[in-house]
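This chain uses plain numbering: 1 for the first residue, then up along the sequence. Any value given below was found using the heavy atoms of this structure, including those in side chains, with hydrogens, waters and symmetry copies removed.
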Amino acid sequence: MKFNPLIPELSVSDIEKSKKFYIDILGFKMEYERPENKFVFISFDDCQLMLEQVNGNWNVGELTYPFGRGINLEMTVSDIESLYQRVLENNIPVFKELTVNEYGINDSIIIQKQFLIQDPDGYLLRFTN
């Protein structure tokens with residue numbers, strides 16, 4: 001397995017609940033797990049995340065819901081429509097509906113589809129293609 005240069009590690013309140021959300025509902029793949037540490041490394045297309053149940057090792061302040069305030073994790077996926085459909089079928093609240101947006105980058109414009117949801121701990125996930 002090739003590791004991305006940047007891999008966010010999210011502190012989660014309940015690793016089993018997070019695994020159900022990311023793996024069973026969204027379709028992430030479990031790359032490996034360390035059950036004794038309540039840790040899992042997951043991927044979706046080329047996106048990689050680490051999840052670890054809160055244990056006090058990484059806390060720089062009090063964690064209260066929603067976790068990750070002020071950040072959204074943008075993940076580019078190959079089939080955004082199917083992922084969005086899974087979200088809807090599983091009654092996951094949608095933070096921002098599936099839309100097409102234009103963004104200026106220097107002298108050009110890119111067009112991308114995107115939607116946003118929150119995971120069980122409130123991390124804001126922004127899926128694009």
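Looking at residues two or more places apart in sequence or on another chain, you find a side chain to side chain contact (heavy atoms under 4.5 Å, CB included) between Leu63 and Ser11, Val54, Asn59, Phe67. Partners of Asn129 by side-chain hydrogen bond (donor to acceptor under 3.5 Å, both in side chains), not counting sequence neighbours: none found. Every ring pair (Phe, Tyr, Trp, His ring centres under 6.0 Å) that Phe28 has, sequence neighbours left out, goes to Tyr22, Phe44. Take Ser108 and apply the side-chain hydrogen bond (donor to acceptor under 3.5 Å, both in side chains) test, not counting sequence neighbours, and it matches no residue.
Without hydrogens or angle criteria, Gln114 side chain to Ile80 main chain gives no donor-acceptor distance under 3.5 Å. The backbone N or O of Leu6 sits nowhere less than 3.5 Å from a side-chain atom of Asn4 that would complete a donor-acceptor pair.
Each salt bridge (Lys or Arg N to Asp or Glu O under 4.0 Å) pair with one or both residues in residues 36-47, not counting sequence neighbours, would appear here, but there are none. Residue pairs satisfying the salt bridge (Lys or Arg N to Asp or Glu O under 4.0 Å) criterion with at least one member in residues 19-33, sequence neighbours excluded, are listed as follows: Glu16-Lys19, Lys19-Glu33, Lys29-Glu31. Among residue pairs with one or both ends in residues 68-112, those qualifying as ring pair (Phe, Tyr, Trp, His ring centres under 6.0 Å) are Tyr84-Phe115; sequence neighbours excluded. Counting only residues at least two apart or on different chains, the salt bridge (Lys or Arg N to Asp or Glu O under 4.0 Å) pairs with a member in residues 49-76 are Glu74-Arg126. Sorted by first then second residue, the salt bridge (Lys or Arg N to Asp or Glu O under 4.0 Å) pairs that include residues 101-114, not counting sequence neighbours, are Glu81-Lys113.
When all heavy atoms of Lys17 and Pro120 are compared, the pair lying nearest together is CE-CB, 4.0 Å. For the pair Met75 and Cys47, the tightest heavy-atom approach, listed with the atom from each and the gap, is CB-SG, 3.4 Å.
Between Leu51 and Ile42, the closest side-chain pair of non-hydrogen atoms falls below 4.5 Å. Side-chain contact check for Leu73 versus Leu10: some heavy-atom pair is nearer than 4.5 Å. Between Asn101 and Ile111, every side-chain heavy-atom pair lies at or beyond the 4.5 Å cut-off. Within the 4.5 Å cutoff, side-chain heavy atoms of Asp121 are placed close to those of Ser18.
Through direct or indirect side-chain contacts shorter than 4.5 Å among Ile, Leu, Val, Met, Phe, Trp and Tyr, Tyr65 is connected to no other residue. Taking Ile, Leu, Val, Met, Phe, Trp and Tyr as hydrophobic and joining them when side-chain heavy atoms fall under 4.5 Å apart, one finds Met1 in a cluster with Phe3, Ile7, Tyr32, Phe39, Phe41, Met50.
Note that the CD1 atom of Ile92 and the CD1 atom of Ile117 stand 5.0 Å from one another [nearest 0.5 Å]. For the atom pair CG of Asp119 and CG of Leu125, the computed distance is 5.5 Å after rounding to the nearest 0.5 Å. Note that OG of Ser82 is 9.5 Å distant from CD of Glu89, once rounded to the nearest 0.5 Å.
Grouping the Ile, Leu, Val, Met, Phe, Trp and Tyr side chains by contacts below 4.5 angstrom, directly or via other members, places Leu88 apart from Leu116.
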Ile71 and Leu124: CA distance, side-chain angles, deciding distance, side chain to side chain contact (heavy atoms under 4.5 Å, CB included) verdict: CA-CA 7 Å; Ile71 188 170; Leu124 192 57; over 6 Å; no
